K.L.:
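Please find one structure pasted underneath; my questions will follow.
Every chain is numbered from 1 and lettered A, B, ... according to where its sequence line falls, protein lines coming before strand lines. On a predicted model such as this, the values are computed, not experimentally measured, just so you know.
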Amino acid sequence: MPELPEVENARQVVEKALDRVIASIDDTDEFVCRPHGPGEIDQALKGGRLTAAHRRGKTMWCDTVTADGADGPSLGIHLGMGGRIFVTGPSGDAESLYAGGDPHVGGMPKKADERPDKPEWDRFRMTFDDGGEMRLFDKRRLGRVHLEPDVDALGPDAAEITRDEFRARVGKGVVAIKAKLLDQSVLAGVGNLLADETLWEAKVSPSRPAGEFSVAELDALRTTLRKAARDAIKRGGVHTGEVIPHRAKDETCPRCGAPMERGTVGGRTTWWCSAEQAD
DNA sequence: AACAATGTTCAGTC
DNA sequence: GGACTGAACATTGT
């Protein structure tokens, strides 16, 4: 699930956790919270508060203050391959639940495995002194929570990148354009689905070398990407993309009817229109 | 059983 | 050192 649009959705849910006093933290999952040892994050943040929720690409982080009002360490949260954020209000009950990283914004997920009632899939939990909580729910366990995340290694956010930045960062090298879009140090936030959706909308072959693009083509690609990202945020996730349901065997392009083709580009399964996105 | 999964990272090669 | 590739990571679903 989580690409830029889902993470932005999750970030907005994390904002529901701001300015509430942290009573305790369960950071005992050593894989998710590495390299911190159990209790380390708890010790650093207990008694303090989260004061702001930021996002760049797929990485979120919160500013914090300690109990005495001094600046605390930032808290990084990454949803990995399938993580979600749940926050409950002061009552702590299900009625006050906010779900982030999920397509059904504000509603309860329908699939059993997406419901928040599998305690063994809770990988991190922050309990507030008002009775509510924030937790990372992640059945695949590839999410991350850690102190002081290094966001400088990320490129500009894919929904915000400027025209000049895009030209300079994306339009060079011999790697496939899709691999370039997926490189988080080039620009941050594009995942496998958003890449396929963007390239399909732009009628660009995913395997075409990035350095071959003209300035005009790069500008057009950037416009398409930002539109795809923002539309997905608005609609609740990348899965709302037009071509996404057609990423399957025996499917056809929803625009021209030609067969969809499957392959591997940038190490990821890739689908494209065999006619409009030919090399 | 084998393989893929909306992500990241690290070892290895050119 | 940079660019690039492929496997590994933990876990679940098909």
Side-chain angles (χ1 to χ4, degrees), chain A residues 1-10 28-35 55-60 76-85 100-104 109 111-115 118-124 136-146 149-151 153-155 158-159 169-200 206-207 209-212 225 228-229 231-233 235-249 262-271:
Chain A
M1 275 177 217
E3 297 188 30
L4 186 155
E6 286 80 7
V7 179
E8 172 55 24
N9 174 240
T28 52
D29 188 314
E30 294 182 47
F31 184 78
V32 169
C33 297
R34 76 192 143 84
R55 179 191 64 76
R56 183 147 158 199
K58 306 170 198 171
T59 296
M60 292 182 276
I77 305 174
H78 197 293
L79 300 179
M81 198 85 122
R84 309 182 57 207
I85 291 289
D102 184 80
H104 314 291
K111 288 188 202 161
D113 63 291
E114 288 179 355
R115 281 203 305 265
K118 279 263 200 183
E120 64 268 38
W121 289 342
D122 286 337
R123 310 299 182 181
F124 177 87
L136 171 65
F137 180 83
D138 177 16
K139 62 182 171 187
R140 259 176 215 156
R141 214 182 172 200
L142 287 173
R144 294 299 155 60
V145 178
H146 59 128
D150 179 19
V151 291
L154 298 169
R169 291 175 160 268
V170 176
K172 63 177 183 191
V174 298
V175 277
I177 188 68
K178 179 174 176 182
K180 209 69 165 174
L181 294 178
L182 289 174
D183 186 336
Q184 304 299 299
S185 68
V186 171
L187 78 172
V190 180
N192 202 29
L193 293 189
L194 186 56
D196 275 7
E197 174 72 17
T198 299
L199 293 168
W200 174 80
S207 51
E212 283 184 7
L225 170 59
D231 283 355
I233 290 171
R235 297 183 197 141
V238 275
H239 67 283
T240 60
E242 215 183 318
V243 81
I244 302 306
H246 301 271
R247 294 174 84 258
K249 200 171 182 302
R262 178 194 201 272
T264 299
V265 182
R268 309 297 303 278
T269 297
T270 302
W271 293 87

K.L.:
Rounded to the nearest Å, what distance is computed from the CG atom of residue A/Leu4 to the C1' atom of nucleotide B/dT6?
P.N.:
12 Å
K.L.:
Nearest to the A/Val238 side chain among C/dA10, C/dG13, B/dT6, which nucleotide is it?
P.N.:
B/dT6
K.L.:
Which residues pass the side-chain contact (heavy atoms from CB on, under 4.5 Å) test with A/Thr269, sequence neighbours left out?
P.N.:
A/Arg262, A/Trp271
K.L.:
Please name all residues satisfying side-chain hydrogen bond (donor to acceptor under 3.5 Å, both in side chains) with A/His146, sequence neighbours left out, ordered by chain then number.
P.N.:
none
K.L.:
Under 4.0 Å between a side-chain N/O of A/Arg140 and OP1 or OP2 of C/dA10, yes or no?
P.N.:
no
K.L.:
Under the side-chain hydrogen bond (donor to acceptor under 3.5 Å, both in side chains) test, which residues partner A/Glu8, sequence neighbours left out?
P.N.:
A/Arg11, A/Gln12, A/Arg55
K.L.:
With sequence neighbours left out, what residues match A/Arg169 under salt bridge (charged side-chain N to carboxylate O under 4.0 Å, His left out)?
P.N.:
none
K.L.:
For A/Arg141, give me all partners under side-chain contact (heavy atoms from CB on, under 4.5 Å), at least two apart in sequence or on another chain.
P.N.:
A/Asp29, A/Phe31, A/Val32, A/Arg123
K.L.:
Output the single nucleotide from C/dT12, B/dT6, C/dA3 whose closest atom is nearest the side chain of A/Val174.
P.N.:
C/dA3
K.L.:
Could you state the NZ-P distance from A/Lys180 to C/dG2, rounded to the nearest angstrom?
P.N.:
13 Å
K.L.:
If I take atom CD in residue A/Glu30 and atom P in nucleotide C/dA10, what distance separates them, rounded to the nearest angstrom?
P.N.:
12 Å
K.L.:
Look at the side chain of A/Trp121 and decide which nucleotide, out of C/dC4, C/dA10, C/dG13, has an atom nearest to it.
P.N.:
C/dG13
K.L.:
Can you tell me, in whole Å, how much space there is between the P of C/dA8 and that of B/dA2?
P.N.:
15 Å
K.L.:
Just compare C/dT12, B/dT6, C/dA3 and give me whichever is closest to any side-chain atom of A/Lys139.
P.N.:
C/dT12
K.L.:
Please state how far atom CZ in A/Arg247 lies from atom C1' in B/dA5, giving the value in whole angstrom units.
P.N.:
10 Å
K.L.:
In whole Å, I'd like the distance from the CG atom of A/Asp138 to the P atom of C/dC9.
P.N.:
17 Å
K.L.:
Which value, in whole Å, describes the distance between the P atoms of nucleotides B/dA11 and C/dA10?
P.N.:
15 Å
K.L.:
For nucleotides 7-14 of chain B, just jot down a letter per nucleotide in 5' to 3' order: B, S or -, based on protein non-hydrogen atoms under 4.0 Å.
P.N.:
BS------
K.L.:
With A/Thr28, which residues qualify under side-chain hydrogen bond (donor to acceptor under 3.5 Å, both in side chains), at least two apart?
P.N.:
A/Asp26
K.L.:
Test: salt bridge (charged side-chain N to carboxylate O under 4.0 Å, His left out). Region: residues 237-247 of chain A. Which pairs qualify, not counting sequence neighbours?
P.N.:
A/Asp196-A/Arg247
K.L.:
Quick one: the dot-bracket string of DNA chain B, using Watson-Crick and G-U wobble pairs with both distances under 3.5 Å, [ ] for crossing pairs and | for bases paired to another strand.
P.N.:
.||||.||||||||
K.L.:
Rounded to whole Å, please give me the gap between CG in A/Asp196 and P in B/dT6.
P.N.:
9 Å
K.L.:
Taking the side chain from A/Glu3 and the backbone from A/Leu193, do they hold a donor-acceptor pair closer than 3.5 Å?
P.N.:
yes
K.L.:
In this structure, how many angstroms lie between the C1' atom of B/dA5 and the CG atom of A/Leu79, rounded?
P.N.:
16 Å
K.L.:
With heavy-atom distances below 4.5 Å as the criterion, would you say the side chains of A/Thr59 and A/Leu154 are in contact?
P.N.:
yes
